[in-house]
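Presented below is the structure to which this report refers.
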Amino acid sequence: MKLSQAFIPTMKEIPSEAQIPSHQLMLRAGMIRKLSSGVYEFLPLGYKILKKVEQIIREEMNNAGAQELLLPALHPKELWEETGRWEIYGDEMMKVIDRNKRQFGLGPTHEEVITDLVRKEVKSYRQLPVILYQFQTKFRDEIRPRFGIMRGREFIMKDCYSFDKDEAGLNINYQKMVQAYKNIFTRCGFDFRMVQADSGNIGGNLSHEFMVLANTGEEAIHYCDACQVTMKAKEPEGEAATTVEKQLCPACQKEMKYSRVIEVGHTFNLGTKYSAKMQATYLDEKGESKPYIMGCYGIGVSRIVAAAIEQSHDNNGIIWPKQISPYQVIVLPLDVTNEPVRKTGEELYAQLLSQGIDALIDDRDERAGVKFKDADLIGIPVKLIVSTRGLAEGKIEIKLRKTGEVFKLSVVEALPKITELIQA
RNA sequence: CGGGGUGUAGCGCAGCUGGCUAGCGCGCCUGCUUUGGGAGCAGGAGGUCCUCGGUUCGAAUCCGAGCACCCCGACCA
């Protein structure tokens, strides 16, 4: 992509609405814009990152035996009345009415819809297990949307549901999903912990949350890496309470570490909570009718993007982990009015593309400072700098976003080095 | 929903104790100069001062109501 033609409106100043780094940087980097409280537009750069994250999740889900589908966002009221959640979910569900005065909810989660689909199609134990997932826009009329994309009223979620004939089957699938989640968050470059959790509104009897360590997180944990123990921290109570109670590790008795965290994933053992209420049953080997044993597994896809920035940024902007960076390399011809510089930049850019490297080129007639600032702001891991000064010595320069490390190389050495850096 | 705060150009802000034609920085357009970390000069475009109502000869400024947005709390991917 050529920056001169790209719709990436960067900003020098911080919009006053944004308080935390990820929100500020996403706005400044031209990734998102606000339409309304808790409702955001993903611009091309933000959308590209979202798609990268989605693809990582998709690969791991497919690998774990789950199949992708797409369910509706419009849910008829009657379906939610079957589980009693039309009342229980209450005002948190956005509601709409059609021309015949029929009521619908905008799906905040999809247990009812998926269970309805499966109960209509899956009648025998022979058809189980089945694991289905989707990427979808969820609607939740949050009491207080905040921190930009972090807690929106409309957001992208990957939700996955497993249907088994018995508890043993569910446990196997649950473990598969936990492993898939660990793979996903590792690939996203996260420093994260898994913690046992309350099951909240979704329900069930066992659940785990996946927490990214970040000091702007809305929750907190105590953890002991030596013993692999993690527990959720209670929020300090009372207005004056700012100190956190110390926790000793139940295994080794040493003081546990404490960190604020962002919840990016949540797994639930649902049991028969939904299938029983919805008469969602199959026939077992003996011809007896039994409710499915269900599990449910969610990931906040858009939130992952924000969490990644919270965990990796500096004063100059975002520092994307290689795996989810929107582009792998940015080529910076520092002076496009200098013909050799412009030409060398264009050629290197074309060569990168021809080798399947997703590159960006800043071909704008801007000063060097502007180009460096924008490149750092949007966080591309590798800068390939072509300058009048460098070319006079027959050199170009490669500079790494994360470490600031610089390599001066001849033009022919550049591509192999970039390939090496990208694969490292 | 309870508490706190903000609303003036695309962004950041000043002006607000009642007074002329609403201002500054950044950004944007034109030209010239510049060209390794957000350039300089000159010219220019861009405003329902959140909305409605009230007080007044006169309101961005004072009063009232409403709306929007942000922050703290309960809720959650």
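The figures that follow rest on heavy atoms only: side chains count, while hydrogens, waters and symmetry mates do not. Just so it is clear: chains get the letters A, B, ... in the order the sequence lines come, proteins before strands, and each one is counted from 1.
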Any donor-acceptor pair under 3.5 Å between the side chain of [X] and the base of [N]?
{"X": "A:E13", "N": "B:G25", "value": "yes"}
{"X": "A:R140", "N": "B:C76", "value": "no"}
{"X": "A:K383", "N": "B:G36", "value": "no"}
{"X": "A:D374", "N": "B:G38", "value": "yes"}

So, [X] and [Y], do they make that salt bridge, N to O below 4.0 Å?
{"X": "A:E54", "Y": "A:R58", "result": "yes"}
{"X": "A:R146", "Y": "A:E218", "result": "yes"}
{"X": "A:D141", "Y": "A:K95", "result": "no"}

Below the 4.0 Å mark, does [N] have OP1 or OP2 next to a side-chain nitrogen or oxygen of [X]?
{"X": "A:R151", "N": "B:A77", "value": "no"}
{"X": "A:S16", "N": "B:G12", "value": "yes"}
{"X": "A:R146", "N": "B:C76", "value": "no"}

Quick one: label [X] by what it contacts on the DNA or RNA (base, sugar-phosphate, nothing), any heavy atom closer than 4.0 Å.
{"X": "A:V264", "answer": "sugar-phosphate"}
{"X": "A:G317", "answer": "nothing"}
{"X": "A:M150", "answer": "base"}
{"X": "A:D376", "answer": "base"}
{"X": "A:E397", "answer": "base"}
{"X": "A:G369", "answer": "sugar-phosphate"}

When you compare the side chains of [X] and [Y], does any donor N or O come within less than 3.5 Å of an acceptor on the partner?
{"X": "A:N62", "Y": "A:Y133", "value": "yes"}
{"X": "A:S259", "Y": "A:Y223", "value": "no"}
{"X": "A:D363", "Y": "A:Q5", "value": "no"}
{"X": "A:H222", "Y": "A:K232", "value": "no"}
{"X": "A:Y174", "Y": "A:T267", "value": "yes"}

Separation of the [atom1] atoms in [N] and [M], to the nearest angstrom:
{"N": "B:U21", "M": "B:G15", "atom1": "C1'", "answer": "16 Å"}
{"N": "B:C70", "M": "B:C32", "atom1": "C1'", "answer": "44 Å"}
{"N": "B:U51", "M": "B:C69", "atom1": "C1'", "answer": "15 Å"}
{"N": "B:C57", "M": "B:G18", "atom1": "P", "answer": "16 Å"}
{"N": "B:G38", "M": "B:G27", "atom1": "C1'", "answer": "11 Å"}
{"N": "B:C24", "M": "B:C63", "atom1": "C1'", "answer": "30 Å"}
{"N": "B:G36", "M": "B:G10", "atom1": "P", "answer": "34 Å"}
{"N": "B:A59", "M": "B:C50", "atom1": "C1'", "answer": "16 Å"}

Please report the distance, rounded to the nearest Å, between [atom1] in [X] and [atom2] in [N].
{"X": "A:D365", "N": "B:U33", "atom1": "CG", "atom2": "C1'", "answer": "13 Å"}
{"X": "A:K138", "N": "B:C76", "atom1": "NZ", "atom2": "P", "answer": "17 Å"}
{"X": "A:R401", "N": "B:G37", "atom1": "CZ", "atom2": "P", "answer": "16 Å"}
{"X": "A:E219", "N": "B:A74", "atom1": "CD", "atom2": "C1'", "answer": "13 Å"}
{"X": "A:K371", "N": "B:A39", "atom1": "NZ", "atom2": "P", "answer": "13 Å"}
{"X": "A:I14", "N": "B:G12", "atom1": "CD1", "atom2": "C1'", "answer": "10 Å"}
{"X": "A:M11", "N": "B:G27", "atom1": "CE", "atom2": "C1'", "answer": "11 Å"}
{"X": "A:L377", "N": "B:G27", "atom1": "CG", "atom2": "P", "answer": "15 Å"}

Closest to the [X] side chain: [options]?
{"X": "A:F372", "options": "B:G36, B:A77, B:C75", "value": "B:G36"}
{"X": "A:V370", "options": "B:A39, B:G36, B:A77", "value": "B:A39"}
{"X": "A:R367", "options": "B:C11, B:A39, B:G36", "value": "B:A39"}

What side-chain donor-acceptor pairs closer than 3.5 Å can you find for residues 185-192 of chain A, not counting sequence neighbours?
residue : atom : partner : partner atom : Å
A:T186  : OG1  : A:K182  : O            : 2.7
A:R187  : NH1  : A:E59   : OE1          : 3.1
A:R187  : NH1  : A:E60   : OE2          : 2.9
A:R187  : NH2  : A:E59   : OE1          : 2.8
A:D191  : OD1  : A:R193  : NH1          : 2.9

**Prompt:** Tell me, which of residues 17-51 of chain A have any heavy atom that sits under 4.0 Å from an atom in RNA chain B?
**Reply:** A:E17, A:Q19, A:R28, A:K34, A:S36, A:S37
**Complete:** Expected list for residues 322-348 of chain A near RNA chain B, using heavy atoms below 4.0 Å, is A:L334, A:D335, A:T337
**Prompt:** When the nearest nucleotide of RNA chain B is assigned to A:P15 and to A:F147 on a heavy-atom basis, which residue is associated with the more 5' position?
**Reply:** A:P15
**Fill in**
Of A:M157 and A:T388, the one whose closest nucleotide on RNA chain B sits nearer the 5' end is A:T388
**Item:** Stacked cation flag A:K417 on A:F407, 6.0 angstrom / 45 deg
**Value:** yes
**Asked** How would RNA chain B look in dot-bracket form, 5' to 3', counting Watson-Crick and G-U wobble pairs with both distances under 3.5 Å and writing | for bases paired to another strand?
**Response** (((((((..((((.....[...)))).((((((.....)))))).....(((((..]....))))))))))))....
**Asked** Does any pair with a residue in residues 310-333 of chain A pass side-chain hydrogen bond (donor to acceptor under 3.5 Å, both in side chains), and if so which ones, sequence neighbours excluded?
**Response** A:S22-A:E310, A:T216-A:E310, A:D314-A:R401
**Contacts of A:E112 that satisfy side-chain hydrogen bond (donor to acceptor under 3.5 Å, both in side chains) - sequence neighbours left out** = A:T83, A:R85
**Request:** Examine A:H23 together with A:Y40 and report whether their ring centres are nearer than 6.0 Å.
**Result:** yes
**Ring center gap for A:F42 and A:Y47 short of 6.0 angstrom** = no
**Asked** Minimum heavy-atom separation for A:F372 to A:I385, with atom names?
**Response** CE2-CD1, 3.7 Å
